[in-house]
Amino acid sequence: MPINWSVFKSILNIDINSSQQEQLLNFYEILKQENKKHNLTRVINFEEVFYKHFLDCLVFTQNIKLNDQKIIDIGSGAGFPGIVLKIIFPNTKITLLDSNNKKISFLNKVINDLKLVNIRAVHERAEALSRIENEEYDIVISRAVAYLDVILELSVRFAKKNGKIILLKGPRGEQELASQVKLAPKLNLKLDDVSHFYHSEIGKRINVFFTKVKETPELYPREYAKIVKESTKNNA
Ligand SMILES: C[S@@+](CC[C@H](N)C(=O)[O-])C[C@H]1O[C@@H](n2cnc3c(N)ncnc32)[C@H](O)[C@@H]1O
């Protein structure tokens with residue numbers, strides 16, 4: 001089946017050139033190949049990867065202009081959204097973070113094979129790395145990593161003052177939103193926008209945008225076990 005690249009424009013108003021198309025195809029081939037060994041993603045049929053990974057990762061760019069920002073993708077997994085963002089917005093500077101070394105090896109292979117620059121993959125936990133890379137990023141993004149209040153606390157310290165935290169969520173995002181009401185002010189975050197999107201092939205997406213208004217209190221992020229325990233209690 002021929003690939004309908006025009007949907008980047010028609011659905012998301014994104015212009016994509018032939019070298020970006022080639023990079024996405026190469027990314028897909030590496031993913032398919034390595035998935036046989038490492039079980040990186042459930043979604044592997046090309047059409048599904050095209051809509052449910054590539055296009056899905058770009059929906060939020062309708063709400064924010066990407067150019068040369070410094071971005072960290074927490075829990076990047078097989079490179080979503082970080083690798084897709086690098087291909088489509090090559091001037092961004094991207095850190096891909098994951099606590100699973102198998103994912104980091106895969107991400108390094110993609111970076112090398114596609115000859116991507118100004119992008120690195122780091123094997124570490126978010127709560128540990130954010131104490132080191134404190135307030136270094138313009139944008140902190142993640143997709144499908146944890147419940148909304150948990151990922152918010154894991155993200156917050158990475159963001160610069162006035163930096164953005166963007167959570168790419170599925171249909172359950174709406175219900176998870178209640179968990180930010182008490183937490184966001186403690187983290188010095190302001191909820192900017194909750195963006196609802198639906199497309200028959202991509203599905204229902206809820207993207208949540210925060211701005212960091214002041215520096216992060218020393219307490220945060222707490223130990224992972226504590227964050228999850230409180231989240232479970234609050235969201236029971
Ligand atoms: C369900 S996968 C999602 C991967 C990718 N973002 C996507 O949307 O396909 C969640 C990833 O987050 C990573 N992860 C979970 N908790 C983490 C933490 N505290 N620090 C860094 N990575 C974490 C896991 O290793 C896993 O690769």
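Just so you know, these numbers use all the heavy atoms, side chains as well, and skip hydrogens, waters and symmetry mates.
The closest donor-acceptor contact from the side chain of Ser231 to the backbone of Ile227 lies at 3.5 Å or more, if one exists at all. Side-chain N or O atoms of Asn112 include one that pairs as donor or acceptor with a backbone N or O of Asn108 at under 3.5 Å. Side-chain atoms of His38 do not come within 3.5 Å of backbone N or O of Leu40 as any donor-acceptor pair. Glu201 places no side-chain N or O within 3.5 Å of a backbone atom of His199 that could act as its donor or acceptor partner. Checking side-chain atoms of Asn17 against main-chain N and O of Gln20 turns up a donor-acceptor pair under 3.5 Å. In this structure, Glu176 contributes its side chain and Leu148 its backbone to a donor-acceptor pair below 3.5 Å. Of the possible polar contacts, none joining the Asn234 side chain to the Ser179 backbone as a donor-acceptor pair under 3.5 Å is found. The main-chain N or O of Pro171 is never found under 3.5 Å from a side-chain atom of Gln175 such that the two would form a donor-acceptor pair. A donor-acceptor pair is defined here as one N or O able to donate and one able to accept, closer than 3.5 Å; such a pair exists between the side chain of Arg131 and the backbone of Pro221. Formation of a donor-acceptor pair under 3.5 Å by the Lys204 side chain with backbone atoms of Arg172 is not found in this model.
For the 3.5 Å distance criterion, the side chains of Lys212 and Thr216 qualify, holding a donor opposite an acceptor. Judged by distance alone, the side chains of His123 and Ser99 never bring a donor and an acceptor atom under 3.5 Å apart. Donor-acceptor pairing under 3.5 Å is recorded for the side chains of Asp149 and Asn235. With 3.5 Å as the limit, one finds a donor-acceptor pair spanning the side chains of Thr211 and Lys164. Asp193 and Ser195 are not linked by any side-chain donor-acceptor pair at a separation below 3.5 angstrom, with hydrogens and angles left out of the test. Side chain to side chain, Ser76 and Asp98 fail the donor-acceptor criterion of an N or O pair below 3.5 Å.
Nearest heavy-atom pair across Leu31 and Ala78 is CD1-CB, 3.8 Å. When all heavy atoms of Phe210 and Ala184 are compared, the pair lying nearest together is CE2-CB, 4.1 Å. Closest heavy-atom contact between Ser142 and Asp73: CA-OD1, 4.1 Å. Between Asn188 and Pro217, the shortest heavy-atom distance links the atoms ND2-CD, 3.7 Å. The minimum heavy-atom distance linking Cys57 with Leu168 is given by the pair O-CD1, 4.2 Å. When every heavy atom of Ile44 is checked against every heavy atom of Tyr28, the shortest pair comes out as O-OH, 2.7 Å.
Ionic pairing of Lys160 and Asp138 is present here: one or more N-O contacts between side-chain nitrogen and carboxylate oxygen are shorter than 4.0 angstrom. A salt bridge is defined here as a Lys NZ or Arg NE, NH1 or NH2 lying under 4.0 Å from an Asp or Glu carboxylate O, and Glu153 with Arg222 meets this definition. Contact check on Asp113 versus Lys115 returns no salt bridge, with no Lys/Arg side-chain nitrogen under 4.0 Å from an Asp/Glu carboxylate oxygen. The pair Glu34-Lys37 meets the salt-bridge criterion, with a side-chain N (NZ, NE, NH1 or NH2) lying under 4.0 Å from an Asp/Glu carboxylate O.
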Worked verdict on Arg120 versus Glu133 for salt bridge (charged side-chain N to carboxylate O under 4.0 Å, His left out): CA-CA 14 Å; Arg120 65 180 184 137; Glu133 302 194 351; 2.6 Å; yes
Check against salt bridge (charged side-chain N to carboxylate O under 4.0 Å, His left out), Glu215 and Lys161: CA-CA 6 Å; Glu215 70 182 30; Lys161 194 173 159 218; over 6 Å; no
Salt bridge (charged side-chain N to carboxylate O under 4.0 Å, His left out) evaluation trace for Asp15 with Lys9: CA-CA 6 Å; Asp15 291 307; Lys9 185 75 182 168; 3.3 Å; yes
Test side-chain contact (heavy atoms from CB on, under 4.5 Å) applied to Ile94 and Asn118, step by step: CA-CA 6 Å; Ile94 297 195; Asn118 283 330; over 6 Å; no
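Stacking of Lys70 on the aromatic ring of Tyr137 is recorded, both the 6.0 Å distance cut-off and the 45° axial limit being met. Judged by a 6.0 Å distance limit and a 45° cone about the ring axis, Arg157 is not positioned over the six-membered ring of Tyr220.
In this structure, Phe8 has its ring center under 6.0 Å from that of Phe50. Side-chain rings of Phe54 and Trp5 stay apart, their centers remaining 6.0 Å or farther from each other.
Hydrophobic cluster membership differs between Val213 and Ile139, with clusters built from Ile, Leu, Val, Met, Phe, Trp and Tyr side chains linked at under 4.5 angstrom. Put simply, Ile202 and Ile64 are part of the same group of oily side chains (I, L, V, M, F, W, Y) that touch within less than 4.5 Å, one to the next. Hydrophobic clustering places Ile141 together with Ile83 (ILVMFWY residues linked when any side-chain heavy atoms are closer than 4.5 Å, directly or through intermediates).
By the neighbour-count criterion of 12 heavy atoms within 6.0 Å, atom CD of Gln33 is sparsely surrounded, having that number or fewer from other residues, nucleotides or ligands. Atom NZ of Lys102 sits in a crowded spot, with more than 12 heavy atoms from other residues, nucleotides or ligands closer than 6.0 Å.
Between Phe80 and His53, the ring-plane angle classifies as parallel under the 30° and 60° cut-offs.
Of the residues listed (Leu85, Ile119, Ile72), the one engaging Leu96 in a side-chain contact (heavy atoms from CB on, under 4.5 Å) is Ile119, and it is the only one.
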